[in-house]
Amino acid sequence: MIHHELETQLIRALAAVLPDVDPAAIQVRPCPEPRFGDYQASALMGLAKARRMNPRQLAAEVVAKLDVGQWCEPVEIAGPGFLNFKLKTEALNAAITQMAGEERLVEPSSHPRTVVVDFSSPNVAKPMHVGHIRSTCIGDAIQRVLRLLGHRVVTDNHLGDWGTQFGKLIVGWKELLDRQALDRDPIAELERLYRMVNQECEENPDRLEQAREELVKLQAGDEENGAIWKEMARLSQAQFDTLYGRMGVQFDHALGESFYNEALPAVVEDMMNKGIARESEGAAAVFSDGSLPPREDPFLVNRDGEWVAEPALIRKSDGGFNYMTTDLATIDHRLRTWQPDEIVYVVDDRQAPHFRKLFLTFARWQPAAADRVRLRHIGFGKILGEDGRPFKTRSGDTVKLSVLLDEAEERALKVVTEKNPALTEAERREVARVVGIGAIKYADLSPNRQSDYQFSWEKMLSLQGNTGVYLQYAYTRIRSIFRKAAEEGVAVDAGARIEAGEPDEQALAKHLLRFGLTLEYIVEEYRPNYLCAYLYELAGLYSRFYESCPVLKSAEPQRSSRLKLCELAGRVLKCGLNTLGIETLEQM
RNA sequence: GCGCCCGUAGCUCAGCUGGAUAGAGCAUCCGCCUUCUAAGCGGACGGUCGCGCGUUCGAAUCGCGCCGGGCGCGCCA
């Protein structure tokens with residue numbers, strides 16, 4: 001990548017001027033304003049400031065040592081000390097031609113890491129709903145970007161298949177189960193059971209006690225309760241398989257909470273022995289170690305002006321375990337099994353305090369292991385309805401994922417039918433499926449993950465603007481050229497170079513060269529929306545090129561050059577969309 | 001009460017490890033289909049980046065203080 005060459009050269013030139021500079025501080029980035037150049041470096045100004053030097057003079061000294069003539073016009077020093085790099089047309093053409101000729105669009109990372117990505121995590125015996133969309137879409141996109149960059153990825157779906165809710169569910173199963181309803185719609189029936197018993201528990205302490213007893217029996221290995229639990233898990237797995245199939249999401253592992261059940265007593269015992277946890281009101285708890293100032297300490301909470309302990313409980317007073325313990329055992333298992341450099345948790349931002357506690361607790365429990373792994377909570381915001389309130393159905397229930405996907409496809413089908421009635425019904429249904437699912441995913445991935453966003457069918461499936469449909473349409477327009485070419489017997493000269501002559505061609509080519517760089521930025525902070533923004537811009541640049549530069553009607557060698565540029569744009573667009581987990585179509 | 005997040009164009013949102021004249025889409029208005037899919041393209045209009053102070057050559061971005069909204073705060077996950 002040209003960008004890396006420039007960065008390397010800049011670091012080399014700077015080292016000749018200031019030998020003790022940290023190269024990591026030097027970055028060459030795409031120029032936000034094309035009229036200043038194609039790439040820029042602003043790091044010298046900060047450096048000059050830190051050393052009380054004249055920034056422009058430092059820039060001049062570095063530029064004097066800088067040898068990038070192979071790629072760039074003479075480097076300009078602008079404003080207070082920016083370096084502006086403008087690509088030579090010749091270098092641009094060589095680079096884009098080379099990219100078009102290579103099989104892989106992205107250079108693999110020079111430092112591949114092993115990353116465990118923990119995402120989706122639906123609950124057994126409950127329907128998947130809108131609340132699972134974000135974790136599933138964002139997590140899947142993250143793992144795809146990592147793989148594309150050549151990292152080793154382990155995806156693990158940490159199913160909510162164990163825990164307090166099963167006490168209530170077992171009570172319901174034993175006393176209130178409607179077999180026919182279970183056959184018709186197992187998840188709905190399980191949900192009904194849970195709701196009924198949960199309601200009863202709120203009003204009746206005896207019922208709550210009964211549920212607790214069933215839970216304790218289950219956790220103690222009771223055969224009957226174990227069989228019921230297993231059946232509920234099986235029914236749920238069928239639901240997950242269906243929905244993940246529709247969404248095109250796969251996992252390497254689905255080690256749910258139950259997988260760690262047997263490991264939990266030893267975890268608590270070990271932590272008690274090591275003095276990290278202690279008894280408190282009958283429970284086993286981890287308290288603050290006082291290493292952080294109170295306001296940054298997740299083991300403390302302020303109540304009426306007093307900082308009081310808020311320990312992490314790893315065993316409840318009734319002897320049961322909770323998710324903190326499970327999560328500790330999970331980290332332990334993942335480190336032993338996969339030796340990851342990093343574990344990322346794609347989970348709602350509201351759980352941030354839990355993860356802070358979890359990571360700190362683990363570091364106290366296994367300091368050496370914790371030093372070798374980076375634990376990161378990748379949080380995200382809520383999905384709101386069009387009224388700005390949390391997204392619910394009209395009757396106030398959570399929106400089920402299956403219903404949401406159905407509606408997306410239905411709405412997309414209407415649009416396709418209106419826009420392209422020439423397609424057969426089967427074709428239109430396929431287009432509707434790809435467009436509908438893609439629209440939901442794109443709507444979820446294009447905002448900054450930490451923002452809450454407003455869910456709007458209208459906007460999501462809008463044919464204009466920054467939507468999945470727009471990108472998919474841009475792709476079909478590219479493919480359409482090649483269909484037309486085949487019809488007319490036009491062949492691409494395989495040896496042709498891409499000569500980007502027109503401004504719209506050059507802008508497109510330059511943007512294509514930045515694909516890999518965009519992916520690298522994404523992985524730093526796990527922000528898939530950067531890829532959405534990149535692809536939206538790509539589609540726009542392609543459309544402009546498409547309007548202003550005839551492809552099939554131009555004469556050789558321009559025709560082959562443009563066909564190759566189209567092909568590359570198509571490959572990048574498709575690869576980028578697929579990396580977001582979004583499918584493309586040849587026609588729509 | 002304490003903590004976290006948010007406040008950018010009429011609406012929905014980008015941009016935030018400081019960088020050049022703050023960007024999109026929608027909406028409104030004006031243009032472009034005898035030429036590769038008009039599900040498209042071009043243009044116009046629209047902003048005290050919640051308010052104030054500070055740090056800096058430079059602040060939407062960093063710090064402090066307000067105002068407004070959301071979320072979270074022992075045996076759920």
Side-chain angles (χ1 to χ4, degrees), chain A residues 31-33 35-36 40 42-43 45-46 48-49 55 78-82 84 121 123 160 163-165 257 280-285 294-296 298 300-318 320 322-324 326-327 347-354 356 379 381-382 384 386 388 390 415-416 418-420 435 446-448 450-454 456 458-459 462-467 469-470 472-474 476-485 488 490 524-525 529-530 532-533 536-537 539-540 543-544 546-548 550-553 562 566 587-588:
Chain A
C31 211
E33 277 282 347
R35 70 201 157 86
F36 290 128
Q40 68 161 223
S42 58
M45 289 180 284
K49 177 156 94 177
F82 291 98
N84 289 333
S121 325
N123 292 315
T164 316
Q165 74 271 27
E257 294 169 338
S280 169
E281 297 171 36
R295 40 188 317 190
E296 293 168 24
L300 295 178
V301 65
N302 192 301
R303 291 234 163 71
D304 302 323
E306 291 284 311
W307 290 104
V308 298
E310 179 160 275
L313 298 187
I314 57 172
R315 193 185 59 218
K316 299 187 279 182
S317 51
D318 66 5
N322 52 18
Y323 72 131
M324 180 62 75
T326 311
D327 283 354
V347 180
D348 191 330
D349 258 333
R350 282 174 295 193
Q351 290 197 39
H354 166 67
R356 286 205 61 211
K382 292 187 291 295
L384 306 175
E386 299 195 46
V415 177
V416 184
E418 183 190 318
K419 285 292 174 184
N420 201 346
V435 166
S446 54
N448 180 322
Q450 289 179 292
S451 312
D452 294 344
Y453 75 87
Q454 220 166 340
S456 160
E458 199 83 358
K459 283 180 185 125
S462 163
L463 306 172
Q464 296 98 28
N466 191 0
T467 62
V469 197
Y470 171 82
Q472 289 166 325
Y473 177 67
T476 61
R477 291 176 104 195
I478 299 176
R479 298 313 305 162
S480 167
I481 287 184
F482 289 94
R483 269 198 308 282
K484 191 91 175 180
E488 296 177 0
V490 172
E524 286 176 18
E525 290 290 329
N529 63 308
Y530 292 172
C532 296
Y536 179 57
E537 204 175 325
S543 295
R544 250 157 274 156
Y546 178 92
E547 298 282 331
S548 67
V551 177
L552 294 175
K553 293 195 166 23
R562 287 183 174 169
C566 287
Q587 293 185 59
M588 58 191 272

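The nearest whole Å value for the distance from the OH atom in A/Tyr546 to the P atom in B/rA39 is 10 Å. One can place CD of A/Glu33 at 8 Å from C1' of B/rA20, the figure rounded to the nearest angstrom. Straight-line distance from the CZ atom of A/Arg477 to the P atom of B/rA39: 8 Å, rounded to whole Å. One atom, CE of A/Met588, and another, P of B/rA38, lie 13 Å apart when rounded to the nearest Å. For A/Asp348 and B/rG72, the CG to C1' distance is 10 Å, given to the nearest whole Å. Atom CD1 of A/Ile481 is separated from atom P of B/rG40 by 16 Å (rounded to the nearest Å). The NZ-C1' distance, from A/Lys553 to B/rC36, rounds to 6 Å in whole Å. The distance between atom CD of A/Gln454 and atom P of B/rA14, rounded to the nearest whole Å, is 12 Å.
Taking atom C1' on both B/rG3 and B/rG43, the two are 49 Å apart, rounded to the nearest angstrom. Rounded to whole Å, the separation between the C1' atoms of B/rC45 and B/rG25 comes to 15 Å. For the C1' atom pair drawn from B/rU48 and B/rA60, the interatomic distance equals 13 Å after rounding to whole Å. Separation of the C1' atoms belonging to B/rG50 and B/rA9 is 15 Å when rounded to the nearest angstrom. Between B/rG15 and B/rG7, the two P atoms lie 10 Å apart (nearest whole Å). With both ends at atom P, the span from B/rC26 to B/rA39 equals 14 Å, rounded to whole Å. Taking atom C1' on both nucleotides, B/rG19 is separated from B/rA38 by 40 Å, rounded to a whole Å. Across the C1' atoms, B/rA24 and B/rG47 are found 14 Å apart, a figure rounded to whole Å.
Using a 4.5 Å heavy-atom threshold, the side chains of A/Tyr470 and A/Ser543 count as touching. Between A/Arg479 and A/Arg483, the closest side-chain pair of non-hydrogen atoms falls below 4.5 Å. Side-chain contact between A/Gln454 and A/Lys459 is absent, with no heavy atoms from C-beta onward closer than 4.5 Å. Looking at heavy atoms from C-beta onward, A/Lys316 lies in side-chain contact with A/Thr164 at the 4.5 angstrom threshold. Inter-residue side-chain proximity for A/Gln587 and A/Asn420 is flagged as unmet; no heavy-atom pair is nearer than 4.5 Å.
A donor-acceptor pair under 3.5 Å is formed between the side chain of A/Arg356 and the backbone N or O of A/Glu296.
At least one side-chain nitrogen or oxygen of A/Lys419 sits closer than 4.0 Å to the OP1 or OP2 atom of B/rA39. Applying the 4.0 Å criterion to OP1 and OP2 of B/rC11, one finds that A/Tyr453 has every side-chain N and O outside that range. Listed pair A/Ser451 / B/rA14 meets the phosphate criterion, a side-chain N or O lying under 4.0 Å from OP1 or OP2. Look at A/Arg483 and you won't find any side-chain N or O under 4.0 angstrom from OP1 or OP2 of B/rC36.
Each of B/rG74, B/rC36, B/rA20 was ranked by its minimum atom distance to the side chain of A/Leu313; first place goes to B/rG74. Out of B/rG19, B/rG72, B/rA39, the shortest distance to the side chain of A/Gln40 is found at B/rG19. The side chain of A/Tyr530 has B/rC16 as its nearest neighbour among B/rC16, B/rG40, B/rG72. The nucleotide whose nearest atom lies closest to any side-chain atom of A/Ser317 is, among B/rC36, B/rC75, B/rG74, B/rC75. Listed nucleotides B/rC36, B/rA39, B/rC41 differ in distance to A/Glu547; the shortest reach to its side chain belongs to B/rC41.
Heavy atoms of A/Ala533 sit nowhere under 4.0 angstrom from any nucleic acid atom. Within 4.0 Å (heavy atoms only), A/Arg315 reaches no atom of the nucleic acid at all. In this structure, A/Pro447 reaches the sugar-phosphate backbone alone: every heavy-atom distance under 4.0 Å involves primed, P, OP1 or OP2 atoms, never a base. A/Gln351 comes within contact range of at least one nucleobase, with a heavy-atom separation under 4.0 Å. A/Glu281 comes within contact range of at least one nucleobase, with a heavy-atom separation under 4.0 Å. Note on A/Arg479: nothing from the nucleic acid sits closer than 4.0 angstrom, heavy atoms only. Among the heavy atoms of the strands lying under 4.0 Å from A/Ser543 are primed sugar atoms or P, OP1, OP2 only; no base atom is included. Residue A/Asn123 is classed as having no contact, given no heavy-atom separation below 4.0 Å to the nucleic acid. Contacts of A/Ala474 with the nucleic acid, taken as non-hydrogen atoms under 4.0 Å apart, are absent. No engagement by A/Glu296 is indicated, since no non-hydrogen atom pair under 4.0 Å with the nucleic acid exists. Across all strands shown, A/Thr164 has heavy atoms under 4.0 Å from sugar-phosphate atoms exclusively, and none from any base. Within 4.0 Å of A/Gln587, counting heavy atoms only, lies at least one base atom of the nucleic acid.
Checked against side-chain contact (heavy atoms from CB on, under 4.5 Å), A/Pro447 has the following partners two or more places apart in sequence or in another chain: A/Tyr453. Checked against salt bridge (charged side-chain N to carboxylate O under 4.0 Å, His left out), A/Arg544 has no partners two or more places apart in sequence or in another chain.
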Intra- and inter-strand pairing of RNA chain B, written as dot-bracket with Watson-Crick and G-U pairs under 3.5 Å and | for the latter, reads (((((((..((((.....[...)))).(((((.......))))).....(((((..]....))))))))))))....

Reading 5' to 3' through nucleotides 57-70 of chain B, protein heavy-atom contacts under 4.0 Å coded B for base, S for sugar-phosphate only, - for none: BB-----------S

Scan nucleotides 1-8 of chain B nucleotide by nucleotide, 5' to 3', and note B when protein non-hydrogen atoms come under 4.0 Å of the base, S if they reach only the sugar-phosphate, - if neither. BSS-----

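Each of A/Asp318 and A/Pro550 lies near RNA chain B, and the nucleotide nearest A/Pro550 is the one positioned closer to the 5' end.
Anti is the conformation of B/rG69, whose glycosidic angle sits further than 90° from 0.
The line from CG of A/Asn448 to OH of A/Tyr530 is 7.5 Å long, rounded to the nearest 0.5 Å.
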Give me, pair by pair, the N or O atoms of the protein and of nucleotides 24-29 of chain B that are less than 3.5 Å apart, along with how far apart they are.
none

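Under the stacking criterion of a centre-to-centre distance below 5.5 angstrom and an interplanar angle below 30°, A/Phe82 sits stacked against the six-membered ring of B/rA20.
At a cut-off of 3.5 angstrom, the base of B/rA39 holds no donor-acceptor pair with the side chain of A/Tyr473. Evaluation of atom-type donor-acceptor distances gives a pair under 3.5 Å for the side chain of A/Asn84 against the base of B/rA20.
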Step by step, work out the side chain to side chain contact (heavy atoms under 4.5 Å, CB included) result for A/Val435 and A/Val415. CA-CA 10 Å; A/Val435 166; A/Val415 177; over 6 Å; no

